[in-house]
Amino acid sequence: MIISGKELSAKMKAEMAAQVATFPEKYGRVPHLVVILVGEDPASQSYVRGKGKACEVVGIKNTTILKPASITEEELLDIIAGLNADEGVDGILVQLPLPDHINESHIINAIRKDKDVDGFHPLNVAALWMKEPCTVACTPKGIIRMLDEAGVEIKGKRAVVIGRSQIVGLPVSKLLLDRHATVTICHSRTKDLPSVTREAEILVVAIGRPKFVTGDMVSPGTVVIDVGVNRDPETGKLCGDVDFEAVEPKASVITPVPGGVGPMTITCLMENTIECFLAKMQR
Ligand code: NAP
């Protein structure tokens, strides 16, 4: 079974659009997401375009602020301070990565927790680990939604996550743990990785290496979630961290790249923006 993030995203966005359509009457306006894009990295430009398109579909107001790569950290912090204070702004997202002369932590930490739609602010990260109300990072949230949609029982399962980044590996491990999976987190220094991955009933791969997970690393019946977004060095096409052709016949459920986790990330960003808006309106 291949889980289509595209299809689930379309369904979720249609539901959100119906919900957002009721907001002008209830709250006097729709949610407003501001995305800041620094520089001209083509991948970042494409992600930001995708976010804009999703806002259009859902009916969320979207402002994109474009700044040259030469912008200083202070200038960027000033823009964020203005958006933090603006009552008409519900979500603020700074597209990463930023140029080397800007400290990403300073920027992430400057966004108000209640406008941090990415869920990257340390207060949101801490709240997730403390099981307190928070904005959950979009990619991990999307992964859990896909597992639920596919009818995968998480409770009691052996889950293996490869990758321990702050934006994917760690938060998805925490979400799986909260759903009562037994979670093993692997990384670049894990010894004999295939012996660990073969134990997995649910395998989440977030490394950033094309086709890293081969058929022999997966046991029959495993649920495989491929988070990676890479270019195949041979064909130049988009591919995941999992060798799809080799692993798909063994997996009970698998996500494709493209069209798997990626669309769900943007859809969960829409959900987070609505949640931040509603939290403010219902305060
Ligand atoms: P990251 O910060 O670079 O982290 C990569 C992780 O993989 C690290 O924990 C690293 O271990 C581990 N790793 C690297 N080589 C390994 C190896 N040979 N064996 C085992 N573990 C290894 O990456 P990220 O931000 O989490 O992103 C991972 C991938 O997901 C990338 O392809 C990225 O583009 C993609 N991504 C996709 C979405 C989406 O929406 N679809 C969203 C975010 C990210 P150490 O900690 O030991 O270095």
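In each ligand, atom 1 is the first atom listed, and ligand 1 is the first ligand listed.
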Fill in: Carboxylate-amine/guanidinium proximity below 4.0 Å for Glu271 and Arg145
yes

Item to complete: Could you check atom 13 (N) of ligand 1 against the protein and tell me its nearest heavy-atom contact, residue, atom and distance included?
Response: Ile207 CG2, 3.3 Å

Discussion item. Please determine whether any non-hydrogen atom of Cys186 lies less than 4.0 Å from an atom of ligand 1.
Written reply: no

Discussion item. Using a strict threshold of under 4.0 Å (side-chain N to carboxylate O), is an ion pair present between Arg112 and Asp116?
Written reply: no

Discussion item. Within ligand 1, which atoms have a heavy atom of Gly208 less than 4.0 Å away?
Written reply: 28 (C), 29 (C), 31 (C), 32 (O)

Worksheet item: For atom 8 (C) of ligand 1, what's the nearest protein heavy atom and its distance?
Response: Arg164 N, 4.0 Å

Worksheet entry | For atom 10 (C) of ligand 1, the protein heavy atom that lies nearest, with its residue and separation | Ser188 N, 4.2 Å

Worksheet item: Which residue holds the protein heavy atom closest to atom 30 (O) of ligand 1, what is that atom called, and what is the gap in Å?
Response: Val227 O, 3.5 Å

Worksheet item: What is the closest protein heavy atom to atom 19 (N) of ligand 1, and at what distance does it sit?
Response: Phe212 CZ, 3.6 Å

Worksheet item: Hey, which atoms in ligand 1 end up nearer than 4.0 Å to a heavy atom of Ile162?
Response: 20 (C), 21 (N)

Worksheet entry | Side-chain ion pair, Lys280 and Asp90, N-O less than 4.0 Å | yes

Worksheet item: Is the closest side-chain donor-acceptor distance between Lys211 and Asn230 under 3.5 Å?
Response: no

Practice prompt. Considering only non-hydrogen protein atoms, determine which one is nearest to atom 21 (N) of ligand 1 and report residue, atom name and distance to 0.1 Å.
Written response: His187 C, 3.1 Å

Fill in: atom 25 (O) of ligand 1 - nearest protein heavy atom and its distance
Ile167 CD1, 3.6 Å

Worksheet entry | Within-cutoff protein neighbour (heavy atom, under 4.0 Å) for atom 27 (O) of ligand 1 | no

Practice prompt. Identify the protein heavy atom lying closest to atom 43 (C) of ligand 1, giving its residue, its atom name and the separation to 0.1 Å.
Written response: Val168 CG2, 3.7 Å

Item to complete: Answer yes or no: does an N/O atom from Gly163 fall short of 3.5 Å to an N/O atom of ligand 1?
Response: no

